[in-house]
2 protein chains.
Amino acid sequence: MATGRTHRPATRSRGIPEATVARLPLYLRALTALSERSVPTVSSEELAAAAGVNSAKLRKDFSYLGSYGTRGVGYDVEYLVYQISRELGLTQDWPVVIVGIGNLGAALANYGGFASRGFRVAALIDADPAMAGKPVAGMPVQHTDDLERIISDNGVSIGVIATPAGAAQQVCDRLVAAGITSILNFAPTVLSVPDGVDVRKVDLSIELQILAFHEQRKAGEDAAADDGTAAPAVAKDHRKGPDGDVPAVMPA
Amino acid sequence: MATGRTHRPATRSRGIPEATVARLPLYLRALTALSERSVPTVSSEELAAAAGVNSAKLRKDFSYLGSYGTRGVGYDVEYLVYQISRELGLTQDWPVVIVGIGNLGAALANYGGFASRGFRVAALIDADPAMAGKPVAGMPVQHTDDLERIISDNGVSIGVIATPAGAAQQVCDRLVAAGITSILNFAPTVLSVPDGVDVRKVDLSIELQILAFHEQRKAGEDAAADDGTAAPAVAKDHRKGPDGDVPAVMPA
DNA sequence: CCATCTTTGTGCACGCGTTCACAAAGACAT
DNA sequence: ATGTCTTTGTGAACGCGTGCACAAAGATGG
Ligand SMILES: NC(=O)c1ccc[n+]([C@@H]2O[C@H](COP(=O)([O-])OP(=O)(O)OC[C@H]3O[C@@H](n4cnc5c(N)ncnc54)[C@H](O)[C@@H]3O)[C@@H](O)[C@H]2O)c1
Ligand SMILES: NC(=O)c1ccc[n+]([C@@H]2O[C@H](COP(=O)([O-])OP(=O)(O)OC[C@H]3O[C@@H](n4cnc5c(N)ncnc54)[C@H](O)[C@@H]3O)[C@@H](O)[C@H]2O)c1
C-alpha cells in the first residue's frame with residue numbers, strides 16, 4: 001500500500017500512559033479554577049468530581065508524575081498546577097500556525113482560550129490571494145507561498161489545519177516538510193505523516209454520528225415492540241443485492 | 001458530592017463495542033468516497049488503509065454488524081454504506097439545535113458537513129437579544145426564551161453547546177429539561193447530566209496540550225544531554241513550597 | 001468437478017486501562 | 001507521645017481493545 005504511516009503506535013512516553021496524558025489537561029483546568037478561587041488544597045475525591053473522573057483513576061494518574069500529595073490532607077493546588085503544567089510542556093509557550101482561514105479557521109483565530117493556555121497564534125495562512133493581508137483577529141492573513149518561511153522564522157512546531165478536506169493532505173505535507181511535527185487536523189480526512197509527527201484530529205461529524213447511534217438505540221429501546229428493534233427486517237434479509245436492491249435512503 | 005452523573009458507564013450497546021461505534025463513521029466516510037468513484041467492492045486491506053486503521057481491526061468491527069463480506073472478493077461498497085448508515089441511525093435525519101451563536105457557533109452553522117451526513121440544523125439559539133432575528137447561515141437566530149418551545153416543536157433530541165463555559169451547565173440543564181438526550185459540548189467544562197443523556201465533548205485546548213506534551217518529549221529526546229531530560233532538577237527538588245516558591249511561570 | 005488462490009471471519013493471547021480495596025503515611029487532637 | 005482519623009499511593013484483579021495467525025469460505029480458472 002502506498003499509504004504512509006498514519007497512527008503512532010502509542011509511544012508510552014517516559015512511562016506515562018497515553019490515557020493519563022489525555023486527562024492531565026482536564027485536571028489542570030479544574031485545578032486552575034480552584035486556584036482562581038484561592039483554594040489551597042484539594043482531595044482526590046473533590047478534584048476527581050470537578051474533573052468528571054473516578055478518584056482512584058485520578059490518584060493513579062498522579063502517581064505517574066510522582067508523589068505530590070499529602071495523606072490525610074490532599075494535594076496542594078498551586079504546586080499541582082505547576083507540576084502538571086511542566087509535565088505537559090506548558091511552562092514554555094508554543095507558537096502555532098493556523099492554515100485555512102475560513103469559517104472555522106477564523107473562529108479559531110478569534111478564540112481566546114489559546115493564549116490563556118500557553119499557546120500563541122504565530123500566523124494565519126490561507127491560499128486565497130484575496131485574503132492575503134486582510135486582518136483576522138487583529139492579525140494579517142498571510143499567503144500560502146510564504147508557509148515555509150513563516151514556520152522557519154518563527155520556529156513553529158505545531159500546526160492547525162482548517163482547510164477543506166481536499167487540500168488537507170497537501171497542506172499537511174508542506175507543513176511537515178517545513179518542520180512541523182505536531183498537527184491538529186479539523187478536515188475530515190485521514191492524514192498520512194512520516195514517523196515522528198503526531199496528528200490529532202477533531203471531527204464533529206463523527207461525534208454527531210456517535211451521538212446519533214446512541215440516540216437511535218435509546219429510541220429503539222423505548223419503542224420496545226413498536227416495530228421490533230429499529231429495523232431487523234432489513235438486517236434479516238441478508239444477501240447482497242444483485243445490483244440495485246439497496247434501499248433508496250443512502251445518506252452521507 | 002452534589003455533582004450529578006457525569007460519564008456514562010460505556011453501555012455496551014447491543015453487543016457493539018464502543019470503540020467500534022467510534023470507528024464506524026470513519027469507515028463510512030472512506031466508503032462514501034469509494035462510492036462516489038463508483039468502486040463496486042473493496043477489500044478489508046484497502047478500506048483499512050483508507051480509513052487509517054488495521055485491517056484485522058476493521059474485519060472484527062464489521063463482524064459485530066454481521067457477515068457482510070464475500071471471501072475472496074471483499075465488501076460490496078454500496079451495501080456496506082447502507083448497513084453502516086443504518087447501524088449509526090443515519091437513515092433518518094436528525095434535527096439539531098446549536099446554542100450560542102458566537103465565533104464558533106456561527107462557523108458550525110455555516111458548516112456544510114452537517115446536512116451531507118444526515119443532520120439538519122433546526123434552529124440557532126442565542127441569549128443575546130441583539131442577535132435575535134439576525135440571519136446566520138440563512139437562518140434567523142432565535143432567543144433563548146423560546147428554547148423549550150423550539151425543541152419541543154421540532155422534536156429535537158440532539159443539542160450543540162457553543163456558549164462560554166460559564167453558561168454551559170445552565171444551558172445544558174435547560175436543554176435536558178426540554179427533552180434533549182444527546183449533547184455535543186464545545187465549552188471547556190464538565191457537564192453534569194442525568195442518566196440516559198449522552199454527552200460528548202470537543203475541546204481543542206486539550207488536544208493542543210496533548211500535542212504539546214509529545215512535542216516536549218521529542219525535544220527532550222533530541223537534546224538528550226542538553227539540560228538533562230527537560231527539567232528533572234525541579235522534579236528532584238520535591239517538597240511542597242511553604243508558600244510561594246512555585247516558579248513564576250504558571251500558565252493556564 | 002476439482003484445484004488453486006484470495007480474502008474473510010474469528011479464536012486466542014497479550015497489553016493497556018480501570019477499578020477495588022487496603023496498608024501506610026501523615027495530620028491533628030489529647 | 002500516643003491514638004484516631006483522613007486520605008494517599010498502589011498491588012492485584014478484571015475487562016476491554018488490539019493484533020496475530022489461520023481455518024474456512026467462496027471465487028475463479030482449467
Ligand atoms: N466550519 C465548521 O464548523 C467545521 C466543522 C467541522 C469540520 N470542519 C472542517 O474544517 C475545514 C474548514 O471548514 P470551513 O467551514 O472553515 O471551510 P471554509 O471553506 O470556510 O474555509 C476553508 C479555507 O481554507 C482555505 N484554503 C483552501 N485550500 C487551501 C490551501 N491549499 N492552503 C491554505 N488554505 C486553503 C480557503 O481559502 C478557505 O479560506 C473543512 O475541512 C471542514 O470540513 C469545519
Ligand atoms: N472559537 C473557538 O475556536 C473555540 C474553540 C474551542 C472552544 N471554544 C469554546 O466554545 C465556546 C464558544 O466560543 P466562541 O468563540 O464562539 O465564543 P463567543 O463569545 O464568540 O460566543 C458565545 C456566544 O454564546 C452566547 N451566549 C452566552 N450565554 C448564553 C446563554 N446562556 N444561552 C445562549 N447563548 C449564550 C453569546 O451571546 C455569544 O453569542 C466557548 O466556551 C469557547 O471556550 C471556542
Side-chain angles (χ1 to χ4, degrees), chain A residues 1 6-24 26-27 31 39-77 79-80 83 210 238-240 242, chain B residues 1 6-24 26-27 31 39-77 79-80 83 210 238-240 242:
Chain A
M1 295 304 99
T6 292
H7 54 311
R8 79 209 115 61
T11 331
R12 181 66 77 89
S13 326
R14 212 224 313 190
I16 300 183
E18 194 58 31
T20 295
V21 173
R23 280 187 296 267
L24 291 181
L26 228 53
Y27 301 144
L31 284 164
V39 177
T41 61
V42 65
S43 73
S44 64
E45 202 71 45
E46 293 164 338
L47 184 54
V53 302
N54 184 296
S55 72
K57 196 187 294 187
L58 177 142
R59 288 197 299 276
K60 178 142 295 196
D61 283 342
F62 286 175
S63 79
Y64 293 114
L65 310 184
S67 292
Y68 295 147
T70 305
R71 296 174 190 226
V73 175
Y75 299 90
D76 182 283
V77 172
Y79 189 68
L80 202 46
Q83 289 299 340
I210 295 172
H238 164 226
R239 82 204 121 87
K240 44 194 73 75
Chain B
M1 295 303 100
T6 292
H7 54 310
R8 79 208 114 65
T11 331
R12 179 68 77 91
S13 325
R14 210 219 318 187
I16 300 183
E18 195 57 31
T20 295
V21 174
R23 279 188 295 268
L24 290 181
L26 228 53
Y27 302 143
L31 284 163
V39 177
T41 61
V42 66
S43 71
S44 63
E45 202 71 45
E46 292 164 338
L47 184 54
V53 303
N54 184 298
S55 72
K57 196 186 297 187
L58 178 143
R59 286 197 300 275
K60 182 147 293 197
D61 283 342
F62 286 174
S63 78
Y64 293 114
L65 310 185
S67 294
Y68 294 146
T70 305
R71 298 174 189 225
V73 176
Y75 299 91
D76 182 283
V77 172
Y79 189 69
L80 203 44
Q83 288 300 339
I210 296 172
H238 166 225
R239 81 204 122 86
K240 41 194 73 77

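Numbered from 1 within each chain, the chains take letters A, B, ... in sequence-line order. Atoms considered below: every heavy atom in the structure, side chains included; atoms not considered: hydrogens, waters and symmetry mates.
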If you round to the nearest 0.5 Å, how far is OG1 of B:Thr20 from CG of B:Leu58?
->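 Those atoms lie 10.0 Å apart.
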
Check whether any side-chain heavy atom of [X] sits under 4.5 Å from a side-chain heavy atom of [Y], and report yes or no.
| X | Y | answer |
| --- | --- | --- |
| A:Ile210 | B:Glu18 | yes |
| B:Leu65 | B:Leu24 | yes |
| A:Thr70 | A:Asp76 | no |

Q | Residue A:Glu18, side-chain atoms from C-beta onward, closest of D:dG17, D:dG9, C:dG17 | A |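 Nearest to the side-chain atoms of A:Glu18, counting from C-beta on, is C:dG17.
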
Which nucleotide sits closest to the side chain of B:Ala56: C:dG9, C:dT19, D:dA21?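 Between C:dG9, C:dT19, D:dA21, the one nearest the side chain of B:Ala56 would be D:dA21.
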
Taking [atom1] from [X] and [atom2] from [N], how many angstroms apart are they, rounded to a whole number?
| X | N | atom1 | atom2 | result |
| --- | --- | --- | --- | --- |
| B:Tyr64 | C:dT8 | OH | C1' | 15 Å |
| A:Asn54 | D:dG15 | CG | P | 16 Å |
| A:Phe62 | C:dA25 | CZ | P | 22 Å |
| B:Glu45 | C:dG9 | CD | C1' | 14 Å |
| A:Leu58 | D:dT7 | CG | P | 14 Å |
| B:Leu65 | C:dG9 | CG | P | 10 Å |
| A:Asp61 | C:dT19 | CG | C1' | 12 Å |
| A:Asp76 | D:dT8 | CG | P | 13 Å |

* Do A:Arg71 and D:dT7 have a side chain to base donor-acceptor pair shorter than 3.5 Å? ->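 Between D:dT7 and A:Arg71, which were checked side chain against base, a qualifying N/O pair under 3.5 Å is absent.
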
| More 5' along DNA chain D: B:Arg59 or B:Val73, using each one's nearest nucleotide? |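 Whichever sits nearer the 5' end wins; that is B:Arg59.
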
query = Mapping A:Thr20 and B:Ser44 to their closest nucleotides on DNA chain C, which lands nearer the 5' end?
reply =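 That would be B:Ser44.
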
Test ring-ring contact (aromatic ring centres under 6.0 Å, His included) applied to B:Phe62 and B:Tyr68, B:Tyr79, B:Tyr75, the passing residue: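 With B:Phe62 as partner, ring-ring contact (aromatic ring centres under 6.0 Å, His included) holds for just one option, B:Tyr75.
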
Is any side-chain N or O of [X] closer than 4.0 Å to OP1 or OP2 of [N]?
| X | N | answer |
| --- | --- | --- |
| B:Tyr75 | C:dG9 | yes |
| B:Ser43 | C:dT7 | no |
| A:Lys60 | D:dT10 | no |

